[in-house]
Amino acid sequence: MEWIQKEIYISNKIRGFHLITDEILFNLPELTKIKKGILQVFIKHTSASLTINENADSTVRSDFEAHFNEMVPENQPYYQHTIEGLDDMPAHLKSSILGSSIQAPITGGSLNLGTWQGIYLCEHRNHSDSRKLVLTAWGEGYQ
Amino acid sequence: MEWIQKEIYISNKIRGFHLITDEILFNLPELTKIKKGILQVFIKHTSASLTINENADSTVRSDFEAHFNEMVPENQPYYQHTIEGLDDMPAHLKSSILGSSIQAPITGGSLNLGTWQGIYLCEHRNHSDSRKLVLTAWGEGYQ
Amino acid sequence: MEWIQKEIYISNKIRGFHLITDEILFNLPELTKIKKGILQVFIKHTSASLTINENADSTVRSDFEAHFNEMVPENQPYYQHTIEGLDDMPAHLKSSILGSSIQAPITGGSLNLGTWQGIYLCEHRNHSDSRKLVLTAWGEGYQ
């Protein structure tokens with residue numbers, strides 16, 4: 001049984017959806033030790049989130065930003081939590097709709113995503129610091 | 001390798017979003033045995049859900065209720081599943097949008113959430129009984 | 001410690017929400033070996049998704065299709081990623097809102113879902129091939 005766990009920082013990004021698969025994998029050379037297992041990526045924030053989606057055409061990511069701004073608009077009359085800025089309450093909502101973690105299988109020493117899948121960091125604030133992630137991988141090792 | 005699994009009941013709550021982090025942790029004194037691992041909280045219902053979000057200002061939680069009622073309204077003309085009440089079909093939809101489980105890292109014997117993160121029980125029905133959760137934690141132990 | 005991992009294909013389905021619990025379990029006779037554990041079902045695509053919801057009345061599943069088409073409409077003026085068809089960009093968005101995996105507890109050799117819970121394959125494209133899933137189960141075994 002192999003266990004890998006580390007915290008990493010992702011440098012601050014502009015509001016929107018960003019592919020971070022390569023950055024995650026760069027931090028996990030130990031995945032090669034795992035024959036069958038799972039990787040979890042967890043974000044320790046409530047105004048940014050993680051999801052898995054299309055890794056090729058950048059307009060998919062800009063359309064995500066456009067649609068989430070429609071589905072979870074700023075300035076709704078029913079928002080009471082407004083002291084941290086117009087973008088704050090929508091950021092919390094988007095974060096729960098998309099989720100604070102992704103889990104994906106590890107097979108034969110590699111992350112077993114589909115050909116067109118990548119990991120997105122979804123930055124919902126206009127301005128943010130770097131974001132802290134916890135990477136946890138576990139599985140049956142080669143011996 | 002440590003494995004902890006138990007079923008607990010959360011007493012019935014009014015419709016809305018409720019912080020249950022302390023109640024979860026109260027039921028898991030065994031987490032101190034886990035050096036690196038994962039906690040899953042799973043809800044055995046389809047009209048209530050779980051998510052991770054801001055643990056401080058209660059208006060965040062009331063804004064969640066307000067926004068989810070806008071995004072998934074009652075009384076839509078296209079609903080066919082209406083026999084269990086106006087709040088039932090929206091409850092099923094909200095439940096899948098938010099999800100029936102949360103997974104979070106355990107590090108050094110504690111749940112490794114961000115400073116502002118807490119676990120929400122999201123009660124989508126007007127009236128419900130207590131809700132049954134399955135808590136499962138696993139990880140590398142101290143020996 | 002038990003580890004089970006396999007890839008399966010789900011034959012192509014019409015656009016909509018489909019119960020696949022029985023098909024998943026049919027492929028996992030080895031679950032009986034796990035006393036306490038977790039099953040993950042992961043979909044290797046970005047225009048179909050997985051969720052857990054009500055397993056009885058089929059109108060719940062048709063109402064899911066109707067509501068998701070309202071909440072994530074086709075033909076929005078802000079979509080730029082349109083070359084793969086009107087249903088493509090909404091499919092990507094629905095896929096991230098619902099998620100690309102489900103995780104559920106295994107207890108006493110069986111999947112520990114609530115009475116009314118089932119696993120849905122959510123097909124968001126008008127036409128698709130079969131969908132590839134990775135099933136991964138791990139847990140404490142009986143010895």
Side-chain angles (χ1 to χ4, degrees), chain A residues 1-7 30 37-51 67-68 70-84 88-104 124 129 131-141, chain B residues 1-3 17 19 34-41 49-72 93-94 96-108 110-120 122 137-142:
Chain A
M1 185 73 190
E2 298 285 339
W3 275 95
I4 302 154
Q5 190 175 67
K6 50 184 84 171
E7 294 200 11
E30 306 91 338
I38 297 284
L39 169 67
Q40 181 191 57
V41 185
F42 183 84
I43 190 162
K44 295 180 77 170
H45 303 273
T46 62
S47 58
S49 59
L50 297 166
T51 193
H67 182 72
F68 271 85
E70 277 288 306
M71 201 173 76
V72 189
E74 298 188 354
N75 265 317
Q76 291 300 88
Y78 49 77
Y79 291 150
Q80 295 182 279
H81 180 79
T82 52
I83 48 162
E84 294 175 63
D88 183 59
M89 192 59 222
H92 289 307
L93 289 160
K94 292 167 181 174
S95 158
S96 275
I97 293 167
L98 288 160
S100 50
S101 69
I102 64 96
Q103 287 78 221
H124 305 305
D129 284 334
R131 297 296 197 171
K132 197 187 281 187
L133 306 185
V134 186
L135 313 181
T136 308
W138 63 98
E140 191 174 61
Chain B
M1 186 74 192
E2 298 285 339
W3 275 95
F17 292 74
L19 263 178
I34 297 180
K35 198 161 62 172
K36 304 174 185 176
I38 297 283
L39 168 66
Q40 180 190 60
V41 185
S49 59
L50 297 166
T51 193
I52 291 174
N53 218 284
E54 209 258 27
N55 61 10
D57 184 352
S58 68
T59 59
V60 172
R61 300 192 294 283
S62 50
D63 286 0
F64 261 80
E65 177 63 16
H67 182 71
F68 271 85
N69 291 339
E70 277 288 306
M71 202 172 76
V72 189
L93 288 161
K94 293 168 182 174
S96 275
I97 293 167
L98 288 160
S100 50
S101 68
I102 63 98
Q103 287 78 222
I106 299 165
T107 308
S110 299
L111 193 58
N112 188 1
L113 297 178
T115 311
W116 303 104
Q117 288 182 311
I119 303 171
Y120 289 11
C122 320
W138 64 98
E140 190 174 61
Y142 295 101

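For clarity, every value in this text was computed on a predicted model and none was experimentally measured. Naming convention: chains lettered A, B, ... in sequence-line order (proteins, then strands); numbering from 1 in each chain.
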- [ ] Determine yes or no for a side-chain-to-main-chain donor-acceptor pair under 3.5 angstrom, with B/Gln117 supplying the side chain and A/Ile43 the backbone.
- [x] yes
Task: Any donor-acceptor pair under 3.5 Å from B/Gln103 side chain to A/Phe42 backbone - done: no
TODO: Scan side-chain atoms only and decide if A/His81 and B/Asp63 contain a donor-acceptor pair under the 3.5 Å cut-off.
DONE: no
Open item on the list: Looking only at side-chain N and O atoms, does A/Gln80 offer a donor or acceptor that is under 3.5 Å from a partner on B/Ser62?
Closed with: yes
Open item on the list: If you define the side chain from C-beta out and look only at heavy atoms, does anything of A/Thr136 sit under 4.5 Å from B/Lys36?
Closed with: no
Which atom pair, heavy atoms only, marks the closest approach of [X] to [Y]?
X        : Y       : answer
A/Leu93  : B/Phe68 : CD2-CE1, 4.0 Å
B/Phe64  : A/Met89 : CD1-CE, 3.7 Å
B/Pro105 : A/Gln5  : CB-NE2, 3.7 Å

Task: Pairing residues for B/Asn53 by the side chain to side chain donor-acceptor pair (under 3.5 Å) criterion, not counting sequence neighbours - done: A/His92, A/Ser96
Task: Partners passing side chain to side chain donor-acceptor pair (under 3.5 Å) against A/Glu7 (at least two apart in sequence or in another chain) - done: A/Lys44, B/Asn112
Open item on the list: Let me confirm one number: the CG-CG distance from B/Leu98 to A/Leu98, rounded to the nearest 0.5 Å.
Closed with: 11.0 Å
TODO: Would you give the length of the straight line joining atom OG1 of B/Thr59 to atom CD1 of A/Ile83, rounded to the nearest 0.5 angstrom?
DONE: 7.0 Å
TODO: Please name the residue in the list B/His67, B/Glu70, B/Glu65 that meets the side-chain hydrogen bond (donor to acceptor under 3.5 Å, both in side chains) test with A/Tyr78.
DONE: B/His67
Open item on the list: Counting only non-hydrogen atoms closer than 4.5 Å, does B/Leu50 touch chain A with its backbone (N, CA, C, O), its side chain (CB onward), both, or neither?
Closed with: neither
Task: B/Thr107 portion near chain A, given a 4.5 angstrom heavy-atom threshold - done: both
Task: Ring geometry between A/Trp138 and B/Trp138 (parallel below 30°, tilted from 30 to 60°, perpendicular above 60°) - done: perpendicular
Open item on the list: With a 4.5 angstrom heavy-atom cut-off, is it the side chain or the backbone of A/Trp3 that approaches chain B, or both, or neither?
Closed with: both
